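This report refers to the structure that appears directly beneath it.
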Amino acid sequence: MNAGKTGSLIPPGSTIGILGVGQLGRMTALAAANLGYQCHIFCQSADEPAAQVAAQTTLAPFDDTAALASFAARVDVTTLEFENVPIATLEHIAEQVPVFPAPSVQAVAQNRVREKSFANELGIATAPFRAVADSDALARAIAEIGTPSVLKTVRFGYDGKGQVAINADTDPAEAWAACGAGPQTDGGILEGFVDFACEISLIVARNAGGETAAFIPVENRHRNHILDETIAPADIPDTTAQAAQDIALRLCEGLEVVGLLAVEMFVTADGDVLVNEVAPRPHNSGHWTIDAGRTSQFEQLVRAICGLPLGDPTRRCDAVMKNLIGDDVDSWRTHLDDPAARVHLYGKTEVRAGRKMGHITHLGAPVTD
Ligand code: AMP
């Protein structure tokens, strides 16, 4: 941890505004409650995970300026639990009350071209990429980047949505149509395919005083493009772990994040670390910290945005976090019988294929230090 000033204090008893109503907001609200804060959720749909555990909820569209002004008047600081909140919404709230991480951070993180360019400007490696506006530009980019490569929408892609694999025989026009990129997504991005040995992520926190703390790098395994399992710690050499931590901290400081920054990275067989994407919010790959960390990512977010000293980011024990996706949630009863398993259910009433319904953290070997 890099100790320093904490920034202006928002003391326990204050109200934290959260934009978004999913499980990340729910777990943030629970951590906030443990430190004596109340949460006020601003959301576009009710009866969802975060609203069930928050003191107050405002149900309104993100472009309802009167509702935003009323919300901002009733909170002391605002954060967000998913990154596609419109920048105009964030700026509107920021006129009245601090928004952490700032709208300028969100503007980079919401746009794959900007986030990769930002990393490259700091000397941090990513897959080679080209911004593409139409299928002709895609054909030119494929000629430059080569195949295999991956076409993605610049904005609004998640869990593999808006992604198309490009091979030597791919027709650019068909790939462009299949991707769904257009003006509404700020176009597309073609990325060179990274033949990675493993995917890792690392979450760092920074408060307004510039104090930073980094959690350990963890390995993420996906099923059907959705995070399936997180293994903490990642089984990578210390030098690779150190490189990943340095990258995440440089991005966090470069973006002047106040809050959390989750950084997803590829590790190649040669040990090179390439940034794939950043998310300025709690991250699914950090859920293990609730049960196995000395400070959870959610408590760390509350500490960072409220100007409190950051918590110890080290772990009590190794852990494997397994998502309960769709019908997986039906297995909850069996996990409750396992003393090494911690069960987290998100309170979602409707089970849908691909929907994150909860997670289990399996506790492993204690860390002795
Ligand atoms: P993303 O939406 O960028 O997080 O991508 C979802 C998943 O697709 C990643 O977790 C990787 O497994 C895979 N992927 C994305 N971009 C690339 C790439 N440039 N090379 C190889 N695999 C990728």
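Atoms within a ligand are numbered from 1 in the order they appear, just like the ligands themselves. Remember, it's a predicted structure, so these values are computed and weren't measured experimentally.
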May I ask you to check whether G192 has an N/O atom sitting below 3.5 Å from an N/O atom of ligand 1?
yes
If you measure from each non-hydrogen atom of N276 to ligand 1, which part falls under 4.0 Å: side chain, backbone, both or neither?
side chain
Please report, to 0.1 Å, the donor-acceptor pairs under 3.5 Å made by any side chain of residues 177-193, with sequence neighbours excluded.
| unit_1 | atom_1 | unit_2 | atom_2 | d |
| --- | --- | --- | --- | --- |
| Q184 | NE2 | G180 | O | 3.1 |
| T185 | OG1 | G182 | N | 3.1 |
| T185 | OG1 | G182 | O | 3.0 |
| T185 | OG1 | G187 | N | 3.4 |
| T185 | OG1 | G187 | O | 2.9 |
| E191 | OE1 | K152 | NZ | 3.0 |
| E191 | OE2 | K116 | NZ | 2.8 |
| E191 | OE2 | K152 | NZ | 3.2 |

Suppose I only count heavy atoms of V194 and a 4.0 Å limit; which atoms of ligand 1 are within that range?
18 (C), 20 (N), 21 (C)
Under 4.0 Å from one or more heavy atoms of E264, ligand 1 contributes atoms 4 (O)
For R316, give me all partners under side chain to side chain donor-acceptor pair (under 3.5 Å), at least two apart in sequence or on another chain.
none
So does E350 pair up with K348, basic N to acidic O under 4.0 Å?
no
From the list D246, V257, V275, side chain to side chain contact (heavy atoms under 4.5 Å, CB included) with L251 holds only for V275
Salt bridge (charged side-chain N to carboxylate O under 4.0 Å, His left out) with E277: of R112, R155, R114, only one passes, and it is R112
Using heavy-atom distances, let me know which of E191, E199, K152, H225 sits nearest atom 12 (O) of ligand 1.
E199
